[in-house]
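Whatever order the structure lists them in is the order used to number ligands and atoms, beginning at 1. In what follows, every heavy atom counts, from backbone to side chain, and hydrogens, waters and symmetry copies are set aside.
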Amino acid sequence: METKVVATVPLPGAAPAYAVPGALGLVIFGASGDLTARKLLPALYTLAAQDLLPRCFSVVGVARSELGQDDFRQRMRAAVESFSRLGPVREEVWERLAGTIHYLSASVEDPQGARRLRDLLARVDRACGTEGNRLFYLATPPAAYAGIVRALGAAGLASGGDGRGWARIIIEKPFGRDLESARQLNRQVLEVFREPQVYRIDHYLGKETVQNILAFRFGNSIFEPLWNRRYVDHVQIAVAEDLGEEGRGDYYDQAGALRDMVQNHLLQLLSLVGMEPPASFEAEAIRDEKVKLLRAIRPIPPDAMAERTLRGQYTAGVIGGRPIRGYREVAGVAPDSTTETYVALRLTIDNWRWAGVSVYIRTGKALPTRVTEVTIQYREPPLLLFRHADHADHEGPDRLEPNRLSLRIQPDEGIALRFGLKPPGERIRLEPVVMDFGYGEGFGRESPEAYERLLLDAMRGDSTLFIRGDEVEAAWTLVTPILEAWEASNAKAVHPYPAGSWGPEAAEELIGQDARQWVRL
Ligand code: BG6
């Protein structure tokens with residue numbers, strides 16, 4: 001084991017214990033950017049408030065902006081004030097964290113910048129006792145990744161300092177734009193670091209409810225026997241967002257929903273829902289099974305693109321009483337953009353567990369509400385005993401309502417099982433009822449933010465919740481042919497939908513052609 005565990009600290013409120021990582025220095029590239037302010041510093045602040053940061057710890061922010069150390073700390077304090085989930089900043093916690101923060105104004109791609117960083121880290125090791133352990137975090141635009149990695153290698157920073165420490169690198173999404181660029185980035189990173197040092201982020205894996213997919217499946221004996229083609233009619237995965245793309249038009253218009261959400265978050269959810277039981281709960285065993293599942297998803301053949309893929313783009317509309325401008329009017333978006341803000345796909349999985357079971361996935365911006373949900377819809381009973389009873393008095397539906405298991409990932413996190421029961425009365429008639437578990441009420445405490453968990457895991461050297469190199473390539477292998485087919489077809493194939501609606505009408509046909517419907521979210 002590389003990591004030294006120095007203490008185990010329970011969170012307030014009978015929380016499960018998280019182990020406190022051993023000494024290390026965290027180096028954030030892109031320290032003046034949005035991710036650092038919105039996610040990383042607030043997560044570090046929460047960890048500090050819970051005494052989960054190492055005793056010997058330092059944060060080194062690196063960016064080109066000419067800022068003094070105090071200016072940088074001031075900015076980071078403002079970020080914590082704006083984005084912390086813990087409410088007003090507690091002075092003693094902030095002071096403790098602020099004391100660990102350093103800033104280096106440098107362009108690390110140039111050799112001199114990398115040398116200055118190396119010298120600073122050596123000084124930090126001596127002053128803070130961080131023992132030559134370094135966790136690098138690439139929070140820059142992706143175009144800078146390869147250059148920074150190369151520079152770290154050239155400056156001798158790809159292994160720990162002081163002749164005894166370790167080095168790890170966290171790489172933010174997007175990891176590549178397509179299969180070819182992802183492979184190239186993997187090669188560039190692996191020329192400098194070894195795979196076990198590389199932590200590719202998908203923040204969905206840091207969400208408690210996403211981790212609970214595995215706990216739910218493999219920690220109980222009642223659901224897994226039904227988790228296969230014999231009992232499951234189909235699976236749906238939906239990630240709906242009620243925001244448009246204000247503020248990020250430049251990035252998003254080059255990406256689109258398939259790259260931004262499907263290649264990573266939705267396929268990650270699918271791999272956890274569909275994978276076989278791992279041989280153990282070790283990182284490699286779990287990731288082996290996820291990769292196997294991704295490789296078993298059948299690539300959509302070119303002649304089936306039209307009926308199995310659908311893309312849409314939102315036009316002006318209203319969400320929750322707020323008027324929303326159309327996507328093409330967003331700053332940074334081309335006025336004739338054909339970038340998709342909505343995607344629906346039908347996928348199939350070629351393995352013994354899932355052969356013949358369709359998986360419908362959809363995600364979109366500017367939909368009526370924010371919700372992420374996985375739905376397992378079970379087959380009908382083999383014989384509809386009660387149908388005749390319904391028909392006899394001409395009441396009730398012609399078919400039974402399907403049994404469904406819903407894993408609500410966010411918000412209102414929970415698990416709901418829907419089945420049919422006879423309401424009191426003389427007649428035999430089935431009505432759907434729901435058994436509902438809510439994480440909030442069930443565990444009586446708030447879940448940590450994804451970035452808190454992921455930072456902690458990377459500090460401790462646990463890569464279970466990070467994406468391995470072969471996994472990211474397997475996901476791009478599925479998505480790239482769709483991107484290419486879409487690029488080759490004409491712009492009319494992008495279906496408009498008003499902001500505040502549930503997406504293009506044609507999405508109903510994508511699932512309707514199989515005589516199924518999207519579940520109501
Ligand atoms: C990010 C995407 O990865 O995930 C965003 O780039 C998206 O476009 C976000 O809004 C959704 O994350 P969450 O945690 O809010 O569901």
Side-chain angles (χ1 to χ4, degrees), residues 30 33-40 42-43 46 83 85 137-142 145 170-177 182 199-213 237-270 272 311-314 319 324 327 330-333 337 339-343 361-374 407-414 439 446-455 465-467 472 475-476 479 499 503 521:
D34 218 35
L35 182 74
T36 307
R38 281 177 185 272
K39 297 290 180 188
L40 303 185
T46 306
F83 301 113
R85 71 180 174 94
Y137 198 123
L138 300 190
T140 60
Y145 293 169
I170 302 180
I171 305 180
E172 260 297 331
K173 66 163 280 236
F175 195 94
R177 282 186 57 74
Y199 290 66
R200 297 173 194 78
I201 281 219
D202 182 319
H203 78 278
Y204 267 52
L205 294 181
K207 294 180 191 275
E208 278 291 326
T209 41
V210 173
Q211 293 156 41
N212 252 313
I213 296 175
I237 301 179
V239 181
E241 296 188 88
D242 58 357
L243 296 177
E245 262 319 300
E246 300 292 342
R248 283 204 319 167
D250 285 331
Y251 152 76
Y252 194 86
D253 208 36
Q254 300 302 314
L258 194 61
R259 288 189 174 96
D260 185 53
M261 298 295 289
V262 176
Q263 184 274 337
N264 37 66
H265 309 325
L266 279 100
L267 288 181
Q268 281 299 313
L269 289 172
L270 176 53
L272 294 172
R311 54 189 159 146
Q313 189 187 73
Y314 68 86
I319 303 179
I324 302 282
Y327 175 69
V330 170
V333 171
S337 169
T339 298
E340 78 285 356
T341 60
Y342 179 100
V343 176
I361 68 181
R362 60 182 161 149
T363 182
K365 300 274 183 199
L367 300 183
T369 181
R370 173 174 181 260
V371 56
T372 298
E373 193 166 298
V374 175
L407 308 178
R408 279 197 316 272
I409 306 296
Q410 65 184 17
D412 189 21
E413 291 82 356
Y439 281 88
E446 218 184 310
S447 294
E449 258 277 303
Y451 278 92
E452 295 161 21
R453 172 63 194 261
L454 294 174
L455 277 169
L465 301 179
F466 294 83
I467 315 290
V472 84
W476 278 119
V479 160
L521 296 172

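- Distance alone, capped at 3.5 Å, is enough to place a donor-acceptor pair between the Q211 side chain and the G206 backbone.
- Protein heavy atom closest to atom 15 (O) of ligand 1, with residue, atom name and distance, is R370 NH2, 3.3 Å.
- The shortest N or O to N or O distance between D260 and ligand 1 is below 3.5 Å.
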Query raised in the report: Can V374 and L272 be said to form a side-chain contact (heavy atoms from CB on, under 4.5 Å), step by step?
Result: CA-CA 11 Å; V374 175; L272 294 172; over 6 Å; no
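- Protein heavy atom closest to atom 5 (C) of ligand 1, with residue, atom name and distance, is R248 NH2, 3.2 Å.
- Closest heavy-atom approach to atom 10 (O) of ligand 1 within the set E241, K207, Q410: this belongs to E241.
- K365 contributes atom NZ, which lies 5.0 Å from atom CZ of R248 (distance to the nearest 0.5 angstrom).
- When only modelled atom types and interatomic distance are considered, Y145 and E172 share no side-chain donor-acceptor pair under 3.5 Å.
- Remark: ligand 1 atoms within the under-4.0 Å shell around heavy atoms of K365 are 5 (C), 7 (C), 8 (O), 10 (O).
- Using a 30° and 60° split on the angle between ring planes, Y252 and Y327 fall in the perpendicular class, above 60°.
- For atom 12 (O) of ligand 1, the closest non-hydrogen atom on the protein side is H203 NE2, 3.2 Å.
- Classification of the F466-Y199 ring pair by plane angle, with boundaries at 30° and 60°, yields perpendicular.
- Considering CD of E245 and CD1 of I324, their distance stands at 11.5 Å, rounded to 0.5 Å.
- For Y252, no heavy-atom contact with ligand 1 is shorter than 4.0 Å.
- The single protein non-hydrogen atom nearest to atom 16 (O) of ligand 1 is Y204 OH, 2.4 Å, given as residue, atom name and distance.
- Ligand 1 has an N or O atom lying under 3.5 Å from an N or O atom of H265, backbone or side chain.
- Per-residue contacts place K173 under 4.0 angstrom from the following atoms of ligand 1 (heavy atoms of the residue considered): 1 (C), 2 (C), 3 (O), 6 (O).
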